[in-house]
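To find a chain, count down the sequence lines: A is the first, B the second, and so on, and within it residues start at 1. As the structure is a prediction and not an experimental result, all values here were calculated from the model.
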2 protein chains.
Amino acid sequence: MTPRPTLRPGGRSARVQQAVHTAVSALNDTVGREQLTIPLIAEHAGVTPSTIYRRWGSLRELLADVAAERLRPEAPLADTGSLEGDLMAWAGEFMEEMASRPGQQVMADALGSAGHEPRRRCHAWQCEQLALMLSRARDRGESALPEVDALIDGVMAPLIYRVSHAPETLCETRLRHWVRQALGSAGENFRATE
Amino acid sequence: MTPRPTLRPGGRSARVQQAVHTAVSALNDTVGREQLTIPLIAEHAGVTPSTIYRRWGSLRELLADVAAERLRPEAPLADTGSLEGDLMAWAGEFMEEMASRPGQQVMADALGSAGHEPRRRCHAWQCEQLALMLSRARDRGESALPEVDALIDGVMAPLIYRVSHAPETLCETRLRHWVRQALGSAGENFRATE
DNA sequence: ACTGCTAAGGCAAATATTTTGCGTTAAGAG
DNA sequence: CTCTTAACGCAAAATATTTGCCTTAGCAGT
């Protein structure tokens, strides 16, 4: 009763995926993003190029897959004692990473794929992190909490927009402004009317 | 005293660019986005592939260039009599275009390039349009107007985020919510503190 | 454990693409 | 009108991509 018809997460398949992802990251740091090619990646991963072509289809999709993985939160999400603090810490770290040239490349790779599974995954993770923060805030007894969607629209969306379109305008002050505004306007949340 | 060292906007160069852009759009509508290749585009544009490689570098950059062009506002910007109306009309049309599968491809192409000139251009145009709306609103005598940045962060950013990450959540109600909120919180604008 | 089934990988030949060197054309300056 | 040179065309060389066929190894049933 697995939802997927027949995946094979077992042994080899997973090892290949791991090896390819590792090779992409390693080569990205050594030869540089622009020099990456599938034959080169395949060689470093110890697989044949056709394996990569069959599994990912193109370099673009492969890079999007790897980029999405890099965008996945790893640290267990600090607990600073307040929702505002948690948001600033988490989004602040994200902002710092994405403010760099390589960070912007990662973002472009993640946003540039034809399929949208990679972007969906990023969105889902971000929602999870925000939901966890909100849940902690609720446990702490904070009131007038915003909804996840309001934080996505109010904080993550402008952050990502500016990483892509105007990275030089990023700064902590601006981030704090978004966070405060999103927290301040809790209660005026979006309601679907259908 | 041209700012650019030595561009050649004259005759031939411009014709080639035009022909290539046209070919990309035409082929995109006929053979489909995934079948596009530089040799194919070159043939339809009546130029040799090497011309395209030298000028754009790769298919990714070419598609980003064309996608950015498609994102450029064409219509003269309707005047509905109120800032809220103008915003809803303009952003609403944008949303409708981007809600479709091809629209999402255009967005992905524009966001996926290595260089960020295409994204910069989109941002600049959006700012221009918003500034024009604000200017009209001011002439009309509307008060408590937001700043361009607040509209970018409050309306365009969430719109684009959701086009990329969760297109099925787009709807007019949500758009109206962003617009109202951005207009309502005018006065609480971001101020750089450095 | 053993066996059968099949998704996933390897290999290599056939295609298609990208890159490059060199000659030519035409835009822009004086 | 002449000169300079950015931009293009062409074609050969280097790379990358696709595809057919074979082999390997998860996984399920017994």
Side-chain angles (χ1 to χ4, degrees), chain A residues 1-24 26-28 30-66 109 112-115 117, chain B residues 1-24 27-28 30-66 69 109 112-115 117:
Chain A
M1 219 221 212
T2 48
R4 309 298 181 88
T6 34
L7 272 200
R8 252 183 222 207
R12 186 154 80 149
S13 189
R15 266 197 314 279
V16 167
Q17 162 154 350
Q18 166 74 29
V20 169
H21 276 224
T22 303
V24 170
L27 287 169
N28 191 29
T30 55
V31 308
R33 167 71 178 74
E34 293 305 311
Q35 312 303 321
L36 286 182
T37 64
I38 287 188
L40 182 63
I41 293 164
E43 190 186 337
H44 273 249
V47 301
T48 59
S50 63
T51 293
I52 297 182
Y53 287 115
R54 281 201 241 258
R55 226 169 126 163
W56 281 276
S58 69
L59 184 57
R60 191 163 68 137
E61 297 305 309
L62 171 56
L63 289 177
D65 189 30
V66 173
D109 287 339
S113 68
E117 287 87 294
Chain B
M1 220 225 211
T2 49
R4 308 300 180 85
T6 33
L7 272 200
R8 253 184 221 209
R12 186 155 83 150
S13 190
R15 266 197 314 278
V16 167
Q17 162 155 351
Q18 167 72 30
V20 170
H21 276 224
T22 303
V24 169
L27 288 169
N28 191 30
T30 55
V31 307
R33 167 71 178 72
E34 294 304 311
Q35 312 304 321
L36 287 182
T37 65
I38 288 188
L40 182 64
I41 293 164
E43 190 185 338
H44 274 247
V47 301
T48 59
S50 63
T51 294
I52 297 183
Y53 286 115
R54 281 199 241 258
R55 220 165 132 165
W56 282 276
S58 69
L59 184 58
R60 192 163 67 134
E61 298 305 311
L62 171 57
L63 289 178
D65 189 31
V66 174
E69 210 60 35
D109 288 339
S113 68
E117 286 88 295

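Every residue two or more places apart in sequence or in another chain that forms a side chain to side chain contact (heavy atoms under 4.5 Å, CB included) with B:Ala19 is listed here: B:Ala45. In terms of the side chain to side chain contact (heavy atoms under 4.5 Å, CB included) criterion, residue partners of A:Ser58 (sequence neighbours excluded) are, by chain and number, A:Arg60, A:Glu61. Applying the side-chain hydrogen bond (donor to acceptor under 3.5 Å, both in side chains) criterion to B:Gln17, with sequence neighbours excluded, gives B:Arg55. For the side chain to side chain contact (heavy atoms under 4.5 Å, CB included) test, residues two or more places apart in sequence or in another chain that qualify with B:Glu69 are B:His21, B:Arg72, B:Arg121, B:Trp125. For the side chain to side chain contact (heavy atoms under 4.5 Å, CB included) test, residues two or more places apart in sequence or in another chain that qualify with B:Gln35 are B:Val31.
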B/S/- contact track for nucleotides 17-22 of chain C, protein heavy atom under 4.0 Å: SSBBBB
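Put simply, CD1 on A:Ile41 is 11 Å from P on D:dA16, counting in whole angstrom units. The distance between atom CD of A:Glu43 and atom P of D:dT15, rounded to the nearest whole Å, is 13 Å. Protein atom CD1 of A:Ile52 is 14 Å distant from nucleotide atom P of C:dC11, rounded to whole Å. Taking atom CZ of B:Arg55 as the reference point, atom C1' of D:dG9 lies 15 Å away to the nearest angstrom. Between B:Trp56 atom CH2 and D:dA7 atom P there is a gap of 11 Å when expressed in whole angstrom units.
Helix-axis bend for the helix from C:dA1-D:dT30 to C:dG30-D:dC1: the local axis fitted to the five terminal pairs at one end deviates from that at the other end by 50°, rounded to 10°.
Rounding to the nearest 0.5 Å places CD of B:Glu34 at 9.5 Å from CG of B:Asn28.
Contacts classified as side-chain hydrogen bond (donor to acceptor under 3.5 Å, both in side chains) and involving residues 36-47 of chain A (residues at least two apart or in different chains) are not found.
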Verdict with supporting geometry, A:Trp56 and A:Val20, side-chain contact (heavy atoms from CB on, under 4.5 Å): CA-CA 11 Å; A:Trp56 281 276; A:Val20 169; 3.8 Å; yes
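For A:Val16, the listed nucleotide lying nearest its side chain is C:dG9; candidates were D:dG26, C:dG10, C:dG9.
B:Thr51 has no side-chain polar atom (N or O) that falls below the 4.0 Å cut-off from OP1 or OP2 of D:dC8.
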